[in-house]
Amino acid sequence: MAGMFRELRSEVEEAVETALSDLGLPTDDLGVEEPPEDVPAVLASSVAFRLAGEVGAPPPKVAVDIAEEIDATPYDYLESAEPQGPYVNFFVSDAYYAETVAAGRDADYGSLPDTGKDVVVEHTSANPTGPVHVGRARNPILGDSIARLLDFAGNDVERHYYVNDAGRQVAVFTWAYETFEESDLPDPERDRSDYDLVRYYRRGNAYLEDADEEDAAAAEEEIAEIMQGLEAGEEETYERVAVVVDQVLGGMRQSLERLPAEFDEFVKETSFIRGGEADDVVDRLQASEYAVYEDDAWQLDLSPFGFEKNLVFLRSDGTTLYTTRDLAHHEWKFENYDEAVTVLGEDHKLQAEQLDAALEILGNDTSDLRQTFYSWVNLPEGGMSTREGTGVDLDDLLDESVARAREEVEERLDSRIRDDELDEDDIDRIARQVGIGAVRYDIVSKQPTKGITFEWERALDFEAQSAPYVQYVHARCRGILNEAESAGIEAETEISLLDTDAERDLLRVIARFPAVIEEAAEDLEPHAVATYVREFAETFNRFYRECSVLNAEDDDVAAARLGLVEASRHTVANALSVLGIEAPKSM
RNA sequence: GGGCGUGUGGCCUAGCGGAUCAGGGCGAGGGGUUCCUAACCCCUCGAUCGCGGGUUCGAAUCCCGCCACGCCCGCCA
């Protein structure tokens, strides 16, 4: 049940290995790969190139010998091996296609068997200083998609947001919130706690920058007091900070939920100070052979790990640093989960590597920790900053996208052929699904390491190679399924009647889905699923044009095609679900 | 200065050692709807895969050098 393609791949690998060893040839590299689109085989091998020297014959001759030696009879899905030039091509049996339709007709098609692993995915973890802006939006979208992907690949997944509530920023924020008067501030951009409070944060930062030395120093003293209070474990200080943090975070959560990105737990940095775990980390690091005491501060000499500079883990005033607390945080993850995944901006790369080294020093096995990085989303004119108030708020982007999607829906209403009468709720629903989906797909479909420059027109393009393009395929499937039901057509798993190129192409693409999930999950690359689902949609649209279900030659063909549509619907719905994009029942 | 990342047609993007077409999309031009929703499909235009070397039977993909851009090199997070 783990996917026909994956089983076929195993069969082919075994068959090639057997044939090679029977021929007395090395089996270390089987060269099994996917052939180009125009080759009708499902898999191919390029071993002949590598073995040509050894055999003393040209690759095409070697390919013939290997193909002849391969015995397909013991296998269910491998039908035959045929040489073509220097390649050996592998063709599949009807059972391969039949099992694909049968598997695809299960609603959870594509999901992988339970791994039994508990995995924690930490993502976003943006400082609670103000509304989420587009520059940060890649993190929740990527992180949430990775969590969904790992879940679909058979893992038990928890999503965590690590709340930085112990740093200087929140101290500044708390001081500003307690110091400035609302009447001195501009109106909030939205009636929500994060938009409300960020005004104090911005005012506070501006004050620190512009105030004369004496006033600034006085403010700094108050800020330092808050930081010291946190470190000393003063309950009262925690409460003061929490008033600010919890309110801002509450607002930010509402933005994130629109994506949607939801969390199982918000883990506060201060909890590792209060619980004593951070102090414990300090004690153990001080006792390690890498610890040095320089300039009144405790540091780690990480040169054996390839780092030029020392990593300070305890300030000269005796307080801990972000990384120190994060060490305690990660040890806690190791205790409670089998694997930990963290989604971070590229600016945290060095810090993440140092964290890794320090965790090793503390005796942890960091092979269970995987960090994945992404580049920032910038505006054409530069970066975005919460503190300075520059950038596009995520809420504004989503609102704009939904509004444009609504315009599209309304425009298309007139030329609509289908007589299913979309009501006001449908229009709302479609605008939201398409609008949010478009933003999400635009972000999740690109390699995370590539930088993105945010441009309205490009982000909100609903044409081909976008979420709506794929979502439309789902709506088409639902449309066919609904009509078929009223027409009394029952789906069948009947491969012999699905023999056109369009049908076979679609079957082959559907068969690959579980293998795509497997590989994407292994590499933490949801964009591979986005690429796949786009290819799937292209293939489906060709099938849709050429092979009518409701107007098929006869009832048997209609029933067989309906089975294929069912499998298609599950494939596209599940792929979209992994990407966190809704699958509309109509558009 | 050092480290990491990115560089694919006018623009965006996939591929990251294998099939003398490097896939898609946007854009530009031309077609398609008495037939399951045209947010669709088909055709045409357009790429020395940043530059220069090297390894290999084979390189967009690996190695070296260079150039451009981004990020990092705090007792900030």
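Per chain, numbering begins at 1; letters A, B, ... match sequence-line order.
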### Task
Nearest whole angstrom, please: distance from the C1' of A77(B) to the CZ of Arg325(A).
9 Å
Please list, for nucleotides 32-35 of chain B, all pairs of protein and nucleotide N/O atoms separated by less than 3.5 Å.
{"from": "C35(B)", "atom 1": "O2'", "to": "Asn551(A)", "atom 2": "ND2", "distance (Å)": "2.8"}

Below 3.5 Å is the cut-off: list the nitrogen or oxygen pairs between protein and nucleotides 59-64 of chain B, distance only.
none

### Task
For Phe462(A) and A39(B), give me the distance from atom CZ to atom P, rounded to whole Å.
14 Å
### Query
Under 5.5 Å between ring centres and under 30° between planes: does that hold for Tyr87(A) against the base of A19(B)?
yes
### Task
Measure from the ring center of Phe513(A) to the ring center of Phe536(A) and say whether it is less than 6.0 Å.
no
### Query
Checking all strands, does Ala52(A) fall into the base, sugar-phosphate, or nothing category for heavy-atom contacts under 4.0 angstrom?
nothing
### Task
For nucleotides A39(B) and G27(B), find the distance between their P atoms and express it as a whole number of Å.
15 Å
### Message
Using atom C1' in both nucleotides, what's the gap between A60(B) and C21(B) to the nearest angstrom?
### Response
16 Å
### Query
If you measure from the ring centre of Phe49(A) to the centre of the six-membered ring in the base of G18(B), is it under 5.5 Å, with the planes under 30° apart?
yes
### Message
Strictly below 4.0 Å, N to O, side chains only: are Glu538(A) and Arg534(A) in salt-bridge contact?
### Response
yes
### Message
Please give the distance between the P atoms of G18(B) and G54(B) as a whole number of Å.
### Response
22 Å
### Task
Ignoring backbone atoms, test whether Arg476(A) places a side-chain nitrogen or oxygen under 4.0 Å from the OP1 or OP2 oxygen of A39(B).
no
#### Entry: Pairs touching residues 469-489 of chain A that satisfy ring pair (Phe, Tyr, Trp, His ring centres under 6.0 Å), sequence neighbours left out
none
### Task
Give Gln471(A) one of three labels, base, sugar-phosphate or nothing, depending on what nucleic acid heavy atoms sit under 4.0 Å from its own.
nothing
### Residue-phosphate contact under 4.0 Å: Arg50(A) side-chain N/O, G58(B) OP1/OP2
no
### Query
To the nearest angstrom, how far is Ile427(A) atom CD1 from A39(B) atom P?
15 Å
### Message
Can you pull out the residues from residues 430-448 of chain A that lie within a 4.0 Å heavy-atom distance of RNA chain B?
### Response
Ile430(A), Val434(A), Lys446(A), Gln447(A)
### Task
Enumerate the residues from residues 554-566 of chain A whose closest heavy atom to RNA chain B is under 4.0 Å, giving them by residue number; use none for an empty result.
none
### Task
Apply the side chain to side chain contact (heavy atoms under 4.5 Å, CB included) test between Val163(A) and each candidate in Asn127(A), Val245(A), Val170(A), Val267(A); give the one that qualifies.
Val245(A)
### Query
So Arg404(A) and Glu400(A), salt bridge (charged side-chain N to carboxylate O under 4.0 Å, His left out) or not? Walk me through it.
CA-CA 6 Å; Arg404(A) 293 203 196 185; Glu400(A) 179 70 20; 2.9 Å; yes
### Task
Please state how far atom CG in Leu344(A) lies from atom C1' in C71(B), giving the value in whole angstrom units.
13 Å
### Query
With a 4.0 Å cut-off on heavy atoms, is Val312(A) in touch with a base, just the backbone sugar-phosphate, or nothing at all?
sugar-phosphate
### Query
Which part of the nucleic acid does Ala484(A) contact within heavy-atom distance under 4.0 Å: base, sugar-phosphate only, or nothing?
nothing
### Message
If I pick the P atom on U55(B) and the same atom on C64(B), what distance separates them, to the nearest angstrom?
### Response
15 Å
### Task
Under 4.0 Å between any heavy atoms, over every strand shown, what does Phe307(A) touch: base, sugar-phosphate, or nothing? Just pick one.
nothing
### Query
With respect to the side chain of Asn127(A), which nucleotide from A77(B), A38(B), C36(B) is positioned closest?
A77(B)
### Query
Hey, are Glu231(A) and Thr320(A) close enough side-chain-wise for a donor-acceptor pair under 3.5 Å?
yes
### Query
Which whole number of Å gives the distance between the C1' atom of C72(B) and that of G29(B)?
47 Å
### Query
Between Asp165(A) and Thr270(A), do the side chains contain an N or O donor and an N or O acceptor separated by less than 3.5 Å?
yes
#### Entry: Integer angstrom distance from the C1' of C16(B) to that of C63(B)
15 Å
### Query
Considering only side-chain heavy atoms of Ala297(A), which listed nucleotide, A19(B), C75(B), G25(B), is closest?
C75(B)
### Task
Select from Pro86(A) and Thr449(A) the residue whose nearest nucleotide in RNA chain B is closer to the 5' end of that strand.
Thr449(A)
### Query
What is the nucleic acid contact for His527(A), judged by heavy atoms within less than 4.0 Å: base, sugar-phosphate only, or nothing?
sugar-phosphate
### Task
State whether Tyr544(A) and Arg476(A) meet the cation-pi test: NZ (Lys) or CZ (Arg) under 6.0 Å from the six-membered ring centroid, and within 45° of the perpendicular axis.
yes
#### Entry: G46(B) and C71(B), which share atom name C1', separated by this distance in whole Å
34 Å
### Message
A38(B), OP1 or OP2 - any side-chain N/O from Tyr544(A) closer than 4.0 Å?
### Response
yes
### Task
Looking only at side-chain atoms of Leu321(A), point me to the closest of G18(B), A77(B), C71(B).
A77(B)
### Message
What is the separation between atom NZ on Lys349(A) and atom P on G5(B), rounded to the nearest whole Å?
### Response
5 Å
### Message
I want to confirm an ordering. Mapping Pro468(A) and Gln169(A) to their closest nucleotides on RNA chain B, which one lands closer to the 5' end?
### Response
Pro468(A)
#### Entry: Sugar-phosphate, base or nothing in reach of Asn89(A), heavy atoms under 4.0 Å
base
### Query
For C11(B), which nucleotide is its Watson-Crick or G-U wobble mate, given both distances must be under 3.5 Å?
G25(B)
### Task
Could you tell me the separation between the CG atom of Asp347(A) and the C1' atom of G74(B), rounded to a whole number of Å?
14 Å
### Query
Of the candidate nucleotides C40(B), C72(B), A77(B), which contains the atom at the shortest distance from the side chain of Leu350(A)?
C72(B)
### Query
Taking all non-hydrogen atoms of both residues, which atom of Ser375(A) and which atom of Thr449(A) are closest, and how far apart?
OG-O, 2.8 Å
### Message
Within the 4.0 Å heavy-atom criterion, would you say Arg542(A) contacts the bases, only the backbone, or no part of the nucleic acid?
### Response
sugar-phosphate
### Task
Residues of residues 531-540 of chain A with any non-hydrogen atom less than 4.0 angstrom from an atom of RNA chain B: list those, numerically ordered, please.
Thr531(A), Arg534(A), Glu538(A)
## Note on the structure
Among A77(B), G24(B), U8(B), the one nearest any side-chain atom of Lys450(A) is U8(B)
### Task
Examine the side chains of Arg440(A) and Ser145(A) and answer whether a donor and an acceptor come within less than 3.5 Å of each other.
yes
### Query
Does A77(B) have OP1 or OP2 sitting under 4.0 Å from an N or O in the side chain of Tyr322(A)?
no
### Query
Base, sugar-phosphate alone, or nothing: which one does Cys547(A) contact when heavy atoms must sit under 4.0 Å apart?
base
### Query
In whole angstrom, what separates Asn482(A)'s CG from C36(B)'s C1'?
11 Å
### Message
Say we look at C41(B) and C4(B): how far apart would their C1' atoms be, to the nearest angstrom?
### Response
44 Å
### Task
Compare the minimum distances between each of C36(B), A19(B), A14(B) and the side chain of Leu550(A), then state the nucleotide with the smallest one.
C36(B)
### Query
Within the structure shown, what part of the strands sits under 4.0 Å from Val409(A) by heavy-atom distance: base, sugar-phosphate, or nothing?
base
### Task
Check Leu142(A), Val578(A), Ile141(A) against Pro526(A) for a side chain to side chain contact (heavy atoms under 4.5 Å, CB included) and give me the one that passes.
Leu142(A)
### Message
Under 4.0 Å, counting only non-hydrogen atoms across every strand here, what does Gly85(A) touch: a base, just sugar-phosphate, or nothing?
### Response
nothing
